[in-house]
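Just below is one structure, and these are the notes that go with it.
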Amino acid sequence: MSKLGDLGARLHRGEVGYDFVKNRKIWYGLSILITITAIVGLAVRGLNMGIEFQGGAVFTTPKNTSVSVSQAERYAEESSGHDAIVQKLGDGSLRIQVAGIDTDAANKIKNTLADDIKIDAEQINAELVGPSWGEQIANKAWQGLGIFMVLVVIYLAIAFEWRMALAAFVALIHDITITVGIYALVGFEVTPGTVIGLLTILGYSLYDTVVVFDSLKEQTKGLTKQTRWTYSDVANRSINSTLVRSINTTVVALLPVAGLLFIGGGVLGAGMLNDISLSLFVGLAAGAYSSIFIATPLVADLKEREPAMKALKKRVLAKRAHSAARGETEAQGGGEAYGDEPEDAAPAVVGPRNQPASRTRGRGRPSGKRR
């Protein structure tokens, strides 16, 4: 078995683990800092909306055009008086986008571009996009997002409970805010592909969260009937038992997306791939982070506000303190064990139950027949 596979098996059995829930304030603070940075970037720089949302024209030159991207961008801005976005396509043609112009302006820009590039105007393909169409796309996107959120909350409230539904909702808002903020900071163009990417990452984020919640639901059945584990202990064990699975799922999903973003969009210059690949890349990473560091610790916080869980935690901590005191007494008395010590008197940790020590009879002589 590989080292990673062995680690995953040990995490699942509870032999090793990291206390995510105990350090939840660190993760909350880090998420708040990232979210504030994203909101500031969104407020200061704003989103670079594509022509699908604000209207404009797209001009496509013939294949193997001799004009460079920078030259075409300068020609388009001089002829239109607006900022232009120029992308070189795989067949050597140029895609020139100019936002905020009408039909008459588009025809003039087309003729001017033809003169500057020194080709016939009929060889340039012009497509005009009205702002009303972009507004309809935006409205439909917001409607779809709202319906998705409502259905997710209802499903989780029925399948699990309202605290898990609330935690999952917070995690989804966390992922969307960070992704949109990164778009604002980077300055990538927001297109319908971006919207598709945003809706896609919500499913991935929800999947990781539900996997942990399902494990947590199973392990907390009858939790108040024992005095060994608190709800936070079990929540932490649920995270650790599914940790390798979440990491593997995220890495496998990120690899092809990273290829689209860094190789397709960066090296090959296929700029249109950036629209969907950046939202997927950032959203997948944020979704994996939120399911581990935000959603489950938040559920533990909410659950331990319940009177039953408060009482359980009080009993568990009291028993641990009593066990620790007895351990100190044994150490001072030369290590002699109490014959009536219960099996689960050891302090509770996330891991397998410690095996009880061999009990003795009489004057410390092991049990068994006398010779």
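- Side chain of E218 to backbone of S215: no donor-acceptor contact under 3.5 angstrom is found.
- The backbone N or O of H174 lies less than 3.5 Å from no partner atom in the side chain of T177, so there is not a single donor-acceptor pair.
- In the model, T250 has no side-chain atom that pairs as donor or acceptor with a side-chain atom of Y204 under 3.5 Å.
- With sequence neighbours excluded, no residue forms a ring-ring contact (aromatic ring centres under 6.0 Å, His included) with F169.
- Checked for salt-bridge contact, D116 and K110 miss the test: no charged N lies under 4.0 Å from a carboxylate O.
- For the 3.5 Å distance criterion, the side chains of S68 and S70 qualify, holding a donor opposite an acceptor.
- Using modelled atom types and a 3.5 Å distance limit, the side chains of N23 and Y28 yield no donor-acceptor pair.
- For the pair E78 (side chain) and G81 (backbone), a donor-acceptor distance under 3.5 Å is absent.
- Checking side-chain atoms of N236 against main-chain N and O of F20 turns up a donor-acceptor pair under 3.5 Å.
- F281 has its side chain within reach of L254: a pair of non-hydrogen atoms, C-beta onward, lies under 4.5 Å apart.
- The shortest distance between side-chain heavy atoms of Y231 and T220 falls below 4.5 Å.
- Checked for salt-bridge contact, E304 and K313 meet the test: a charged N lies under 4.0 Å from a carboxylate O.
- Annotation: R245, atom CZ; neighbour count of heavy atoms from other residues, nucleotides and ligands within 6.0 Å does not exceed 12.
- The residues R74 and E77 are annotated as not salt-bridged, no charged nitrogen and carboxylate oxygen being separated by less than 4.0 angstrom.
- For K217 and E161, the salt-bridge test fails: no basic side-chain N is under 4.0 Å from an acidic carboxylate O.
- Between the R237 side chain and the Q219 main chain, no donor and acceptor come within less than 3.5 Å of each other.
- Using a 4.5 Å heavy-atom threshold, the side chains of W162 and L156 count as separate.
- Paired with M149 under the rule side-chain contact (heavy atoms from CB on, under 4.5 Å), one option of L145, V153, L151, V152 passes, and it is L145.
- Annotation for L216 and A235: closest pair CD1-CA, 3.5 Å, computed over non-hydrogen atoms.
- If you check the side chains of S93 and K63, you find no donor sitting under 3.5 Å from an acceptor.
- For CZ of F293, the number of neighbouring non-hydrogen atoms (other residues, nucleotides, ligands) closer than 6.0 Å is greater than 12.
- Side chains of T112 and D115: no donor on one and acceptor on the other come within 3.5 Å.
- Contact annotation: the side chain of V69 approaches that of L94 to within less than 4.5 Å [non-hydrogen atoms, C-beta and beyond].
- Put simply, the side chain of Y207 reaches to within 4.5 Å of the side chain of T249, judged on heavy atoms.
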